[in-house]
There are 2 protein chains.
Amino acid sequence: MGEMSEQKRPATRADEIRQVIEKEIFQGNLRPGTRLDEESLAARFGLSRTPVREAILQLVFSGLVVKKPRQGAVVAPLDLHRMVQMFEVMSEVEGLCARYAARRMSPDEKTNLADLHGKAARMCEARDLDEYYAVNRAFHDAIYDGSHNEVLQEMARSLFARLAPYRRYQLNHPHRVDGSFAEHGEVVAAIAAADPDRAQAAMRKHVTIQADIFAEFVSIMS
Amino acid sequence: MGEMSEQKRPATRADEIRQVIEKEIFQGNLRPGTRLDEESLAARFGLSRTPVREAILQLVFSGLVVKKPRQGAVVAPLDLHRMVQMFEVMSEVEGLCARYAARRMSPDEKTNLADLHGKAARMCEARDLDEYYAVNRAFHDAIYDGSHNEVLQEMARSLFARLAPYRRYQLNHPHRVDGSFAEHGEVVAAIAAADPDRAQAAMRKHVTIQADIFAEFVSIMS
DNA sequence: AAGGCAAAATTTGTGTGCAAGATGCCGAAG
DNA sequence: CTTCGGCATCTTGCACACAAATTTTGCCTT
């Protein structure tokens, strides 16, 4: 239930490679714009180009990588215009998850969510950004699960993944964790009270704030 | 603008094959559950297994095909539970498209939408189901475009594509076209009036009705 | 006759080679 | 000095071949 890693079965080599590259993109080891050369990746993993190629294709369809027909693949570069749109959709999708969660979460799920929020409180107080980031992901995951709609969950997780490489930046804002934690509290309260409208509004606001901070960040960068 | 075909660049053979298989799934030539044998497909297209394989991988990630690790690929079988969830999400996503469209559509786009609705009126009156279906798709596409959010558009189109094989069934309901047309009218009016709330509600209702009819259909089938 | 085990056959996953397309460089012409 | 065109090189796209795995079939045992 509180599962946040989805490495279910590296049944095939291509899936293995995909998961590794995915992880490296999330962690920032592979920056947006980095070229993904099939041959060097094949050499690195001790495999042939074929599974590497399939892994890259999967990443292309997940949106993390872009690939021009005969020109190779690169980690999806930061496109400000598109980022704004993704955050806009993300706020709606997460809002919907929270709305459904407020209606459908079981008592156990609600307790679990409250526990996660409690753990986040300790991380927030200890100013442990890395751990807070991890708990934050678990928190959002719990709400995705709480929607009890797998299709919506997949959408949310896909968006979360595609935004992950950039979301990290905002944590540099020193007081952001406090704000984030407080907003989470609103959502938890609304879900506990089984109030869909309030849950949706609170979550939308939470993500919108993140989007604003991100926009501010990129405006400084450019 | 009113473009509904997205065969932009058959740059690579794999993309060609994917588009063909996609089309066949939509048209019902390839029923859910049908096995997709790499070798026979390769023979049919006069190519090797490699591009066929890549095409299938793409279809897997688009959700139209499922594939168990060493067990081959089949056209995604009808999963009632999942279908219900997809319709639920579809109603929200289309509702959001309509909401944004009401706020963001240009005068030209609004006229185009009205024209499409007018064309649908003639098809509806003539009881030309096939043509109505085509115009219906163009209508929804126009609203997706009107949202002016490419990420949201992609989501909507992906869902529309995955539901297409089943959506066709509901048109058998003789009087459904009249209802569908009337609901479209509500949406057009709300968008013309630039009323986001009303547009969203009308579109949500429209899709929800489709979902109900679909649910009714499958309950009869089983 | 029925059930289980084993071996063969079919099918997918991976490795390798070759050809086509694209990028970059270098030279020549304006 | 700049710009355009042709060539070289590199990378991807596709074909083909081999290996691994799963399913099916047939035989043997109970």
Side-chain angles (χ1 to χ4, degrees), chain A residues 6-25 29-77 79, chain B residues 6-25 29-77 79:
Chain A
E6 53 201 63
Q7 27 217 17
K8 31 198 85 156
R9 28 88 222 239
T12 177
R13 311 300 176 86
D15 286 332
E16 270 181 45
I17 304 175
R18 180 182 56 77
Q19 287 182 0
V20 172
I21 300 180
E22 223 169 33
K23 196 173 175 184
E24 299 203 343
I25 294 179
N29 304 39
L30 285 175
R31 292 285 184 81
T34 307
R35 187 187 184 106
L36 295 177
D37 181 57
E38 296 180 358
E39 208 149 4
S40 39
L41 283 173
R44 179 182 149 199
F45 289 102
L47 295 170
S48 86
R49 278 177 45 219
T50 310
V52 173
R53 199 179 163 70
E54 295 190 351
I56 291 180
L57 263 183
Q58 295 181 12
L59 290 167
V60 167
F61 256 70
S62 77
L64 281 171
V65 168
V66 295
K67 186 170 152 192
K68 283 187 282 189
R70 291 263 179 185
Q71 197 172 336
V74 297
V75 179
D79 176 350
Chain B
E6 54 201 66
Q7 25 217 19
K8 33 199 85 157
R9 28 87 226 233
T12 178
R13 312 300 176 86
D15 285 332
E16 265 179 60
I17 304 176
R18 180 182 56 77
Q19 287 183 0
V20 172
I21 300 180
E22 226 170 32
K23 196 173 174 184
E24 299 203 343
I25 294 179
N29 304 41
L30 285 175
R31 292 284 185 80
T34 307
R35 187 187 181 105
L36 295 177
D37 181 56
E38 296 181 359
E39 207 149 5
S40 39
L41 283 173
R44 179 182 152 199
F45 288 101
L47 296 170
S48 87
R49 277 178 47 218
T50 311
V52 173
R53 199 180 163 70
E54 294 187 352
I56 290 180
L57 263 182
Q58 294 180 12
L59 290 167
V60 167
F61 257 70
S62 78
L64 281 171
V65 168
V66 294
K67 186 171 152 193
K68 284 187 283 188
R70 291 268 180 182
Q71 198 171 333
V74 296
V75 180
D79 177 350

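Chain A is the first sequence line, chain B the second, and so forth, proteins listed ahead of strands; every chain is numbered from 1. All values reported here derive from a predicted model rather than from experimental measurement.
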- Query: Taking the nucleotide of DNA chain C with the closest heavy atom to each, which residue, T50(B) or E39(B), is nearer the 5' end?
  - Reply: E39(B)

- Task: Figure out the CG/P separation between L47(A) and dA20(D), and round it to whole Å.
- Result: 14 Å

- Roughly how far apart are L36(A) CG and I25(A) CD1, rounded to 0.5 Å? 6.5 Å

- Query: In whole angstrom, what separates R18(B)'s CZ from dC14(D)'s P?
  - Reply: 13 Å

- Picking from dG21(C), dA21(D), dG15(C), which would you name as closest to the side chain of S48(A)? dG15(C)

- Rounded to whole Å, the CZ-P distance (R49(A) to dA15(D)) equals 14 Å

- d(NZ, K67(B); P, dT11(C)) in whole Å: 15 Å

- Mind calculating the distance between NZ (K68(A)) and C1' (dT12(D)) to the nearest angstrom? 14 Å

- Should we count CD of E24(B) as having more than 12 external heavy atoms under 6.0 Å? yes

- Message: dT12(D), OP1 or OP2 - any side-chain N/O from Q71(A) closer than 4.0 Å?
- Response: no

- Mind calculating the distance between CG (L41(A)) and P (dT14(C)) to the nearest angstrom? 15 Å

- Would you indicate whether the side-chain heavy atoms of V75(B) and R31(B) approach each other to under 4.5 Å? no

- Note on the structure: Closest to the side chain of D37(A), out of dT12(D), dC14(D), dT23(D), is dT12(D)

- Assign each of L36(B) and P51(A) the nucleotide of DNA chain C bearing its closest heavy atom; nearer the 5' end lies the nucleotide of L36(B)

- Query: Just wondering, do L41(B) and D37(B) contact through their side chains at under 4.5 Å, heavy atoms?
  - Reply: no

- Query: Can you tell me how far P of dC14(D) sits from CZ of R53(A), to the nearest Å?
  - Reply: 7 Å

- Item | Whole-Å gap separating P (dC14(D)) and CD (E38(B)) | 15 Å

- Task: For the side chain of R35(B), starting at C-beta, report the closest nucleotide among dT11(C), dG13(D), dT14(C).
- Result: dT11(C)

- Item | Side-chain heavy atoms of T12(A) within contact of P51(A), under 4.5 Å | no

